[in-house]
**Student:** 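Here it is, the structure in full.
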Amino acid sequence: METIWTVGDELYSVILEKKEGKFRITAREQEYSIEARLVTPHWMSLMVNNRLYNAYIAEGSGRKFISINGEHYTLSLPDEEAALNRGVTGAHGEGRLLIRAPMPGSVLKISVAEKDTVTEGDCLAIVEAMKMETGLHAAVSGVVKRVCVKEGQQVDAGELLIELEEMASGKKED
Amino acid sequence: METIWTVGDELYSVILEKKEGKFRITAREQEYSIEARLVTPHWMSLMVNNRLYNAYIAEGSGRKFISINGEHYTLSLPDEEAALNRGVTGAHGEGRLLIRAPMPGSVLKISVAEKDTVTEGDCLAIVEAMKMETGLHAAVSGVVKRVCVKEGQQVDAGELLIELEEMASGKKED
Amino acid sequence: MFKKILIANRGEIAVRIIRACREMNIRTVAVCSEADRSALHVLMADEAVCVGGPAPLDSYLNMERILEAAGISGAEAIHPGYGFLAENHRFAARCGKQGLVFIGPGPDAMKLVGDKVASRKTLSRIDVPVIPGMKAAGASLKEFEESAKEIGYPVMVKASAGGGGKGMRVARHPAELRLSVEAGMREAKAAFGDESVYLEKCIERPRHIEFQVLADHHGNAVHVFERECSIQRRHQKIIEESPSPFMDEELRRRMGDAAVAVVRETGYTNAGTVEFLVDENRKFYFLEVNARIQVEHPVTEMVTGTDLVKWQIRIASGERLTLKQKDLRQRGHALECRIYAEDPANGFLPCLGKIHFMKNPEGPGVRVDSGIYSGYEVTRYYDPILAKLIVWGEQRSTACSRMVQALSDYVILGIQTTIPYLMDVLTHPDFLSGKTYTDFIQKNMPDWTAKKDFLVEALAAASIQDVLASKTPAGPVKRAGVSPWQTLGAWRLGGR
Amino acid sequence: MFKKILIANRGEIAVRIIRACREMNIRTVAVCSEADRSALHVLMADEAVCVGGPAPLDSYLNMERILEAAGISGAEAIHPGYGFLAENHRFAARCGKQGLVFIGPGPDAMKLVGDKVASRKTLSRIDVPVIPGMKAAGASLKEFEESAKEIGYPVMVKASAGGGGKGMRVARHPAELRLSVEAGMREAKAAFGDESVYLEKCIERPRHIEFQVLADHHGNAVHVFERECSIQRRHQKIIEESPSPFMDEELRRRMGDAAVAVVRETGYTNAGTVEFLVDENRKFYFLEVNARIQVEHPVTEMVTGTDLVKWQIRIASGERLTLKQKDLRQRGHALECRIYAEDPANGFLPCLGKIHFMKNPEGPGVRVDSGIYSGYEVTRYYDPILAKLIVWGEQRSTACSRMVQALSDYVILGIQTTIPYLMDVLTHPDFLSGKTYTDFIQKNMPDWTAKKDFLVEALAAASIQDVLASKTPAGPVKRAGVSPWQTLGAWRLGGR
């Protein structure tokens, strides 16, 4: 049985077989023989290469959260990840022109108006949550096509704040 | 809605009504207005007379286990309690003649043989679990009718070890 | 002693205060906002009152409602914790008028030390070195510009009312000044309800070392030694320790004396902290007095064997401070890590959402001051601090090892936290060797990314869980037929 | 330092040792019986080996299998914990033969102090007072009867190999002697695999006070002050504390000197405990040496700021003891409560079964050394100790308050435990005033029954749960429509 997991920006294939009470796993191009069991619904004990590991697991919002020795992994199936990320601010391609709220919060400041010209790195807006301000900067130089929110407005994570249009002359390759 | 709960040897009637988001409870002949909610499946927050209480709850083997401020309550519905107790050593009536294992363990010693005469308080057998010995004593004077186990034998909780017969002449009132 | 105390705060510090009260047989009244009805401090209190909407100004900064709640509940005293109203002298004064004991310094001393500009003036009477800076909060951009020029760049923008890094910004060049002042004012307003800011000379590559003080109403005052809090990100302390790895007995004595002198000169009572910057030549500068219990107070408690929150309550109730300077001693070493709901791999963006499962670290010398639980939902309204992890060890090195183990045992699932980041700070050679300057993070932790040492195990666990979960009931696994585990013995002993 | 250690024990002490090893960067190998595959010590170790069946003789007392496991796993040292093989000098010797370091005293010193009769002979050379008693383990009932007559009733039956109350019985009259000796022999056999018992004069109304000692292989030895362990039920300690409320500086000095003298005279190394009885006239009698880490070691750790388990490992690896007697100090007060799976309302019958849910107490000064978790199943094969709750406070009174709060926060659901009983001991006036004699339990806690102060709340919770549970999904309640809770604010503030 193969599963493709998304961890951050990376995809990982995991092939899982069960054999004589053990799991045979192929991941990152290596094969592992693993013994595992759920101690409680949130706690899995694993034995890999004679070594015991405690993995703590929870599921929510279509993702699996796993903690092992203080490291925290968020795993999702690629389809679900795409659905979850739909519309959330992206560093690549089209997303670079859409300035979205990185978290729920309130819009403290909008530094630009429609039709303003902006340079890569310019601060376009400031969003606040948990009493911390986060500046949103232009990933490309361009022109402000649309400002979708007002100062003081409450926004959700991923909500579109500002739309840019790349300047025809200044188009860069990624 | 009335529920009868068994706690130890006692029975308690609880009448529960829900009214405007609060619970009205009649227990021990008093009425209480209670706000309550489950914080998690095992943790209930209660407000009784302006005062907050944390009740931790788990269910198992047909019982509810509840811990409040370090006190530990085991509650069951009387029918279930009767079923659970069927055959477990009782201090009253018939049970006094049936010497049962109070916990799972092994029979260390049987101090009597069939037809022996025993006096109230005599040690009849010793059962061991968790490296602690527990002596089982005659609750009444009588004659050993039957010895059902052997020394060294593993027994379950409630298993019949020895049966007594009250002496006709020495019969006492409870 | 008081019979009932209202706690005008939330989160881990409210829980900490409730614990102290319970041990002193004092009933507690929690206040909460509408967003905090399920917060741990509410669940742990004896009574709770909802005082307003989620925005701090409507609830935790809402003096009227909090005083009303104290009146209704019959509390005799109010503990303000840190942040919110803790350093608001008007609130302290209003408590007094309503016949409530404010657990902290008196309003006059608080006003004096809280106004960083006025307090520097007062302290010029005693021999405590201060950092060159403005004599009053700035009123106009022009004034800021002139002062900055006089002080000399780089300058630091600081909130008059505040602490904890809120409202603090550096301006390295005249061009940066306007934005830094504006940002500082906005943050100050949001955090303290007061937008006043002022400028100060920015000491470069300093250590942040502070002294805990205690003073009663009978003229007794002691310091309870130092804490070093140099590990800061954006002027926000993230790791604190005691003793300072930089300190020597001579410097400790001089700084401790200075701290007690500040307390005496300002007429300060209750617990407080005198903050200093120390440069590489062991020259120290008075920074400010934090007129409240501090986030990092537990490291002092663990090293000195004192209970600062209980002392706050005792002093406020009029008891004498029985601790004597000559009897106080530091033993071993304590560290504190602040656990924030922030994503360190993503610019420390605040992380909101439900904590699906969590497990605190345990064991000898480990203390967790926490405001969360499994099932708790982190909201957007308040500081992202979830909990503090404090450890004690015989030496600094043993405390560091213990902290790394405790962090690796800390499980918080559902939101990103700073735990993996803190582990990397704790194992950094500069941290281990005590090279702790306030630029540590900037210098040593640029572009941090999470280690993935257990990625294979995580992938395996995720995949196997689906298989095992389909076989097992929702409850804990119990007496399953033949679990893979059951081959462990044979497998190891047989050497197969 | 060792790279890998095998821990030949189970439960909370195995977990405690694993924690110490992890902080010292030493890999751990757990051993377990077939009944313990899900035990916490197995789950927490780096590696685990199942060494045999549930009966201790087949697994935790099975030298062959344990040594085999050490060989296979490549461990360099074995930590025996307490109980099982900890005081078995043959096991210590066999470790040495196999090239493994036994973390404890050498076999000769262990044999000497472990044989209570021989050790008394040795100690007669130094000026340590001993309790009158038999010179050797008894061989026949006649011998016991004659000795008892000579010593004078009441006499105490004690296991030659043991400690921890196992095998201990009092005989107050000649008629009781036979049964007491037989019971003692059976328990000794079951607990230590050795049925030898001997008789000793029974000191009435004594306090049990013991001194922790540490000695290295370079001639350095210190005592780390006393613990009082007078609160005992059936000769089993249930609450321990340090310092002893009875102790004064003069007695402490004399007993501490005696403890170090015992260590030096017997050539003892590593951590150990010299036990004394102290009568009401402050006369003390040497009882025995416990040649191992003790259950109650945490109270010493908390009061003195030492890590005894780490010192055991360091000393075993050949390091020098750097602690100096003149630098060691007691600070504040620590208490330990043993949490047993026993039903105190029902003759302390052992309680077996599944722990459906549990929650450890937390907060400043609270430590839990535990071998259980939510979902753990308590089996019938081993000691009923589940965990130890240890608290530290500035004074004895603050430690007592903290312990009561911590006990009341301790949630273990599914089996009966001694928690409610311990709370009643902790709040008893005689305990609070330090009237702690070994007959405390017998005198003050006859016919204990559980308080039912929260019966109404418990009945309400049980009834309401059925209502709420039928409405809510299996997971934690989340964003339910209008929960009763949501009226809290209005309800309080409106005064309705």
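Here is how names work: the chains are called A, B, and so on, in the same order as the sequence lines, proteins then strands, and each is numbered from 1. Keep in mind the model is a prediction, meaning the values are calculated, not measured.
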**Student:** So with a 6.0 Å cut-off around NZ of C/K189, is the heavy-atom count from everything else above 12?
**Tutor:** no
**Student:** To the nearest 0.5 Å, tell me how far A/T40 OG1 sits from C/F357 CZ.
**Tutor:** 5.5 Å
**Student:** Please rank A/V14, A/I126, A/L108 by heavy-atom pairs under 4.5 Å with chain C and give me the top one.
**Tutor:**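 Heavy-atom pairs under 4.5 Å are most numerous for A/V14.
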**Student:** Can you confirm whether C/L455 sits close enough to A/Y12 that some side-chain heavy atom of one is under 4.5 Å from a side-chain heavy atom of the other?
**Tutor:**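 Yes, close enough: below the 4.5 Å cut-off.
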**Student:** At a 4.5 Å cut-off on heavy atoms, which part of C/Y410 comes close to chain A: side chain, backbone, both, or neither?
**Tutor:**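 Only the backbone of C/Y410 comes within 4.5 Å of chain A.
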**Student:** Tell me, side chain or backbone of C/V404 under 4.5 Å from chain A's heavy atoms, or both, or neither?
**Tutor:** neither
**Student:** Is the shortest heavy-atom distance from the side chain of A/T134 to the side chain of C/L349 under 4.5 Å?
**Tutor:** yes
**Student:** Flag the one option from C/P350, C/P420, C/A345 with the top tally of heavy-atom pairs under 4.5 Å to chain A.
**Tutor:** C/P350
**Student:** Would you please test A/D156 and C/R380 for salt bridge (charged side-chain N to carboxylate O under 4.0 Å, His left out) and show each step?
**Tutor:** CA-CA 11 Å; A/D156 282 332; C/R380 40 165 296 216; over 6 Å; no
**Student:** Does C/E457 use its side chain to pair, donor to acceptor, with the backbone of A/I68 at less than 3.5 Å?
**Tutor:**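 No: the side chain of C/E457 does not pair with the backbone of A/I68.
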**Student:** Nearest 0.5 Å please: distance from the NZ atom of C/K451 over to the CD atom of A/E71.
**Tutor:** 7.0 Å
**Student:** Using a 4.5 angstrom heavy-atom cutoff, name the option from A/A129, A/G70, A/S106 with the most pairs to chain C.
**Tutor:** A/G70
**Student:** Taking side chain as everything from C-beta outward and backbone as N, CA, C, O, which of these in C/T417 sits under 4.5 Å from a heavy atom of chain A? Side chain, backbone, both or neither.
**Tutor:** neither
**Student:** If we ignore hydrogens and angles and just use 3.5 Å, is the side chain of A/Y56 paired with the main-chain N or O of C/I412 as donor and acceptor?
**Tutor:**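 No; zero donor-acceptor contacts below 3.5 Å.
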**Student:** May I ask you to name which of C/Q405, C/Q465, C/E187, C/M423 has the most heavy-atom pairs under 4.5 Å with chain A?
**Tutor:** C/Q465
**Student:** Is any side-chain heavy atom of C/D466 closer than 4.5 Å to a side-chain heavy atom of A/K64?
**Tutor:** yes
**Student:** Tell me which of these, C/L407, C/I419, C/L352, has more heavy-atom pairs under 4.5 Å with chain A than the rest.
**Tutor:** C/L352
**Student:** Between OG of A/S67 and CE of C/M358, what distance do you get to the nearest 0.5 Å?
**Tutor:** 11.0 Å
**Student:** So what's closer than 4.5 Å to chain A heavy atoms on C/A406: side chain, backbone, both or neither?
**Tutor:**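 Neither part.
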**Student:** Under 4.5 Å from any heavy atom of chain A, what part of C/I415 do you find: side chain, backbone, both or neither?
**Tutor:** backbone
**Student:** Is the shortest heavy-atom distance from the side chain of C/L413 to the side chain of A/H72 under 4.5 Å?
**Tutor:** yes
**Student:** Taking side chain as C-beta onward, heavy atoms only, is A/Y73 less than 4.5 Å from C/K452?
**Tutor:**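 Heavy-atom side-chain distance check passes, below 4.5 Å.
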**Student:** To the nearest 0.5 Å, tell me how far C/S374 OG sits from A/H42 NE2.
**Tutor:**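 Separation between the atoms: 7.0 Å.
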**Student:** Going from CD on A/E2 to OG on C/S463, what distance comes out if it is rounded to the nearest 0.5 angstrom?
**Tutor:** 10.0 Å
**Student:** With heavy-atom distances below 4.5 Å as the criterion, would you say the side chains of A/K109 and C/E182 are in contact?
**Tutor:**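 Heavy-atom side-chain distance check passes, below 4.5 Å.
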**Student:** If you look at every heavy atom in C/A462 and A/L75, which pair is closest and at what distance?
**Tutor:** CB-CD2, 3.6 Å
**Student:** Where on A/L16 is there a heavy atom nearer than 4.5 Å to chain C: the side chain, the backbone, both, or neither?
**Tutor:** side chain
**Student:** Select one option (side chain, backbone, both, neither) describing which atoms of C/A183 are under 4.5 Å from chain A's heavy atoms.
**Tutor:** both
**Student:** With a 4.5 angstrom heavy-atom cut-off, could you sort out which part of C/V456 is near chain A: side chain, backbone, both or neither?
**Tutor:** side chain
**Student:** Do A/V7 and C/L459 touch side chain to side chain, with heavy atoms closer than 4.5 Å?
**Tutor:**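 A/V7 reaches C/L459 side chain to side chain.
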**Student:** A/I66 and C/A461: which non-hydrogen atoms are nearest, and at how many Å?
**Tutor:** CD1-CB, 4.2 Å
**Student:** Please rank C/T379, C/D383, C/L179 by heavy-atom pairs under 4.5 Å with chain A and give me the top one.
**Tutor:** C/D383
**Student:** To the nearest 0.5 Å, what is the distance between CG on A/N54 and CG on C/D409?
**Tutor:**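 The CG atom of A/N54 sits 8.5 Å away from the CG atom of C/D409.
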**Student:** At a heavy-atom separation under 4.5 Å, does A/T74 approach chain C through its side chain, its backbone, both, or neither?
**Tutor:** side chain
**Student:** Quick one: closest heavy-atom pair of A/A58 and C/H356, and the distance?
**Tutor:** CB-CB, 3.6 Å
**Student:** Measure C/N346 against the heavy atoms of chain A and call it side chain, backbone, both or neither at under 4.5 Å.
**Tutor:**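 It is neither, since no heavy atom gets under 4.5 Å.
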**Student:** Measure A/E59 against the heavy atoms of chain C and call it side chain, backbone, both or neither at under 4.5 Å.
**Tutor:** both
